[in-house]
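Read through the structure below, which is laid out as structure tokens, and then see the notes.
These numbers were taken from a predicted model, which means no experiment stands behind them.
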Amino acid sequence: MKTSSRRSRVVSLVLVTAAIVGVGCTTIRESRGGPGQRLDPWENWNRKVFNFNEDVDRAVLKPVATTYVDFVPQPVRRSVGNFFGNFADVWSAINNILQGKIQLGLEDATRVGANTLFGLFGILDVASEMGLDHHNEDFGQTLGRYGVGAGAYVVLPILGPSTVRDTAALPIDRLASPPAFFNGTGTQIDLTLLQIVNTRAGLLGATRVIDEISLDKYTFVRDAYLQRRRSLVFDGDVPDAPAAPDESASAAATGAQNLATPAAPAASAPAPARSGSAPS
């Protein structure tokens, strides 16, 4: 009965996802006033949410993450990241298979098996030492793989950058997160907070670099996020997107310095996309 209820909930979420993504893509098609508006038609609202997130980060998340780094040894922090990463590999395997990438799905499944059996339930990442890398797939990428457009750029409270497609996929992704596998609200909250703090601690260096080099942090984060998500959907083989006639001059005038993107997820900011480019 519990399995049937969970399956019904997943089906309902998929249907809601399809509806929201459809609305979001319609919004993008109808918002073609200019290069920026086409990818970020809700910029005024997004900037307000972005500023709110920055205030929360400065007042709460960054100080807590800094204290966490000061008092928790790096091997322990890495083990915490490995534990959450093991759950992410389970979901990545499922999404790779849904996308028809069977070999990558089997590699992710092998990672999970190796780390669970020989790595103390994922605390140790023995799979990476065996040469099995992360592939980092989620349901938003699966939707993109089947041609669902990203839709409008959205900044979510606390959660940060997203798109209509990725936001609609988020509830389904959350069903595969560690808190969803544990009973008890207190345990779920504790795991969620630990994951947030550990992730924020790993980003302290990256955010410091962004603060130093970006004139407009909002634009930098937006363009970096959209470019990275587009690259992930196409597995790095991104097709060329020709600029519209009224965008070519703007696109040519807005070159930006490229930054190297490490393989580890959320380790640093990728290269910013040109503001005239349309996300997939």
Side-chain angles (χ1 to χ4, degrees), residues 1-3 5-10 12-13 49-50 52-95 108-109 111-128 134 136-140 154-162 166-208 264-268:
M1 182 65 68
K2 186 176 180 180
T3 302
S5 175
R6 187 179 181 86
R7 185 182 299 111
S8 299
R9 189 166 47 156
V10 171
S12 299
L13 284 172
V49 178
F50 179 84
F52 167 77
N53 289 346
E54 288 287 287
D55 291 341
V56 172
D57 185 68
R58 281 191 295 267
V60 181
L61 293 180
K62 186 175 180 180
V64 171
T66 301
T67 303
Y68 176 75
V69 169
D70 290 339
F71 286 93
V72 178
Q74 199 272 342
V76 176
R77 301 198 306 272
R78 183 172 58 246
S79 296
V80 172
N82 290 340
F83 173 77
F84 288 113
N86 200 40
F87 282 87
D89 286 336
V90 175
W91 190 226
S92 180
I94 293 173
N95 279 283
D108 281 331
R111 275 189 57 86
V112 174
N115 286 336
T116 301
L117 292 175
F118 306 113
L120 302 177
F121 297 97
I123 293 176
L124 302 176
D125 186 8
V126 298
S128 292
H134 294 276
N136 305 312
E137 298 288 334
D138 55 45
F139 193 63
V154 182
V155 180
L156 302 175
I158 306 301
L159 299 178
S162 187
D166 293 340
T167 301
L170 188 59
I172 298 176
D173 286 330
R174 295 303 298 173
L175 291 177
S177 64
F181 290 85
F182 291 87
N183 294 325
T185 302
T187 301
Q188 293 177 338
I189 292 175
D190 290 343
L191 283 172
T192 299
L193 292 176
L194 177 59
Q195 186 174 17
I196 291 173
V197 172
N198 195 72
T199 300
R200 183 62 183 92
L203 291 171
L204 287 173
T207 54
R208 189 179 303 116
S268 69

For Thr192 and Pro179, which heavy atoms make the closest approach, and how far apart are they? OG1-CG, 3.3 Å
Roughly how far apart are Phe139 CZ and Arg174 CZ, rounded to 0.5 Å? 16.0 Å
Any Lys/Arg nitrogen of Asp55 or Arg58 sitting under 4.0 Å from an Asp/Glu carboxylate oxygen of the other? yes
Dump the intermediate steps for side-chain contact (heavy atoms from CB on, under 4.5 Å) on Trp91 and Ile172, then the final yes or no. CA-CA 10 Å; Trp91 190 226; Ile172 298 176; 3.8 Å; yes
Looking only at heavy atoms, what is the nearest atom pair of Ala93 and Ala109, with distance? CB-N, 3.9 Å
Determine whether Val90 and Asn86 make a side-chain contact, defined as any pair of heavy atoms from C-beta on separated by less than 4.5 Å. no
Between Asp166 and Gly140 the two heavy atoms that sit nearest each other are OD1-CA, 3.6 Å
Do the side chains of Thr187 and Leu191 get nearer than 4.5 Å, heavy atoms only? yes
Does any non-hydrogen side-chain atom of Phe52 lie less than 4.5 Å from one of Ile158? yes
Heavy-atom pair of closest approach, residues Asp89 and Arg111: OD2-NE, 3.0 Å
Verify, without hydrogens or angle tests, whether Asn53 (side chain) and Pro157 (backbone) share a donor-acceptor contact under 3.5 angstrom. no
If the test is ring pair (Phe, Tyr, Trp, His ring centres under 6.0 Å), which one of Phe84, Phe121, Phe87 qualifies with Phe181? Phe87
Atom CZ of Arg77 and atom CG of Leu194: how far apart are they, to the nearest 0.5 Å? 12.0 Å
Between the CG atom in Asp138 and the CD1 atom in Ile94, the distance rounded to the nearest 0.5 Å is 12.5 Å
Decide yes or no for Val49 and Leu156: does some side-chain heavy atom of the first lie under 4.5 Å from some side-chain heavy atom of the second? no
Heavy atoms only: give me the nearest Thr167-Ser162 pair and the separation to one decimal. OG1-OG, 2.8 Å
Between Arg200 and Asp57 (salt bridge meaning N to carboxylate O under 4.0 Å), is one present in this structure? yes
On a heavy-atom basis, the closest approach of Phe182 and Gln188 is O-NE2, 2.9 Å
Heavy atoms, side chains only, cut-off 4.5 Å: are Tyr68 and Val80 in contact? yes
Consider side-chain contact (heavy atoms from CB on, under 4.5 Å). Of Leu204, Val56, Leu203, Thr207, which one does Lys62 pass it with? Leu204
Qualifying residue for side-chain contact (heavy atoms from CB on, under 4.5 Å) with Leu120, from Thr116, Leu117, Leu124: Leu124
